Amino acid sequence: MKYEKSDLAALIRKTVYEVTQIKVDGGKTNLLDTATGIRPADFLYIFDLLEKELHIPAADILIGHSYRIMEVDAMSEALLELLE
C-alpha cells in the first residue's frame with residue numbers, strides 16, 4: 001500500500017487510541033508530553049502495532065532524533081521516509 005503523510009498521522013492517532021484510549025488531535029502534539037496522559041510503557045505497544053501494520057522497524061525513527069520526533073507530524077514524516 002502507498003501511504004501519504006496524512007494516512008500515517010491518522011494511523012498513529014488510531015494506534016495511540018487503541019492502546020491508551022486517549023484521543024490525540026493535533027499534529028504538533030508531542031506524545032511524550034505528560035499532558036497527553038500516555039504512560040511510557042504504552043509506547044512499546046504503540047511501536048509494536050505500527051511495526052506490524054507497516055512492516056518496517058518503526059522504532060528506528062527514534063535513532064538520531066530529538067524528542068520532537070514524537071510529535072504526530074514529525075513521526076508520520078519519519079515513518080514515511082522509512083517506507084520509501
Side-chain angles (χ1 to χ4, degrees):
M1 176 175 181
K2 178 81 171 145
Y3 289 96
E4 300 289 329
K5 182 180 170 187
S6 59
D7 300 326
L8 294 172
L11 177 62
I12 292 165
R13 287 192 288 273
K14 177 180 149 264
T15 303
V16 167
Y17 185 76
E18 284 177 12
V19 172
T20 66
Q21 302 302 301
I22 295 169
K23 288 187 179 183
V24 178
D25 295 323
K28 295 295 180 189
T29 300
N30 192 308
L31 301 177
L32 295 174
D33 188 334
T34 56
T36 64
I38 301 171
R39 297 176 305 184
D42 291 336
F43 290 106
L44 296 171
Y45 299 104
I46 291 167
F47 277 104
D48 182 56
L49 290 173
L50 289 172
E51 288 182 355
K52 287 177 180 171
E53 177 72 25
L54 300 171
H55 305 287
I56 58 170
D60 283 1
I61 66 168
L62 301 173
I63 299 169
H65 290 98
S66 72
Y67 71 95
R68 297 197 69 192
I69 195 67
M70 294 302 289
E71 291 178 357
V72 175
D73 281 347
M75 218 174 149
S76 58
E77 247 176 72
L79 289 171
L80 189 59
E81 288 177 19
L82 279 179
L83 285 164
E84 294 176 347

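What you see is a predicted model, and the numbers here were worked out from it, not measured in a lab. One is the number of the first residue; the rest follow in order along the sequence.
- How far CG of Leu11 is from CD of Glu18: 8.5 Å, rounded to the nearest 0.5 Å.
- With contacts defined as side-chain heavy-atom distances shorter than 4.5 Å, the pair Thr15/Glu53 does not qualify.
- Rounding to the nearest 0.5 Å gives a distance of 14.5 Å between NZ of Lys28 and CG of Asp33.
- A donor-acceptor pair under 3.5 Å is formed between the side chain of Asn30 and the backbone N or O of Tyr67.
- Across all their heavy atoms, Ile56 and Glu51 have their closest contact at O-CG, 3.2 Å.
- Ala78 approaches Ile69 most closely through the heavy-atom pair CB-CD1, 3.6 Å.
- When all heavy atoms of Leu8 and Ser76 are compared, the closest pair comes out as CD1-O, 3.4 Å.
- Within the model, atoms CE of Met75 and CE of Met70 stand 4.5 Å from one another, a figure rounded to the nearest 0.5 Å.
- The side chain to side chain contact (heavy atoms under 4.5 Å, CB included) with Val16 is formed by just one residue from the set Leu50, Ile46, Thr29; it is Ile46.
- Put simply, the residue from Glu84, Glu81, Glu77 that forms a salt bridge (charged side-chain N to carboxylate O under 4.0 Å, His left out) with Lys5 is Glu77.
- Note: His55 NE2 to Leu82 CG = 14.5 Å, rounded to the nearest 0.5 Å.
- Here the shortest heavy-atom pairing between Tyr3 and Leu80 reads O-CD1, 3.4 Å.
- By the criterion of side-chain heavy atoms lying less than 4.5 angstrom apart, applied directly or through intervening Ile, Leu, Val, Met, Phe, Trp or Tyr residues, Ile22 is grouped together with Val72 in one hydrophobic cluster.
- A side chain to side chain contact (heavy atoms under 4.5 Å, CB included) with Ile12 is found for exactly one of Asp7, Leu79, Val24, Asp73, namely Leu79.
- Leu54 and Tyr17 fall into different hydrophobic clusters, defined by Ile, Leu, Val, Met, Phe, Trp and Tyr side-chain heavy atoms under 4.5 Å apart, directly or through other members.
- Of the candidates Ile38, Thr34, Leu32, Ile38 is the only one forming a side chain to side chain contact (heavy atoms under 4.5 Å, CB included) with Thr36.
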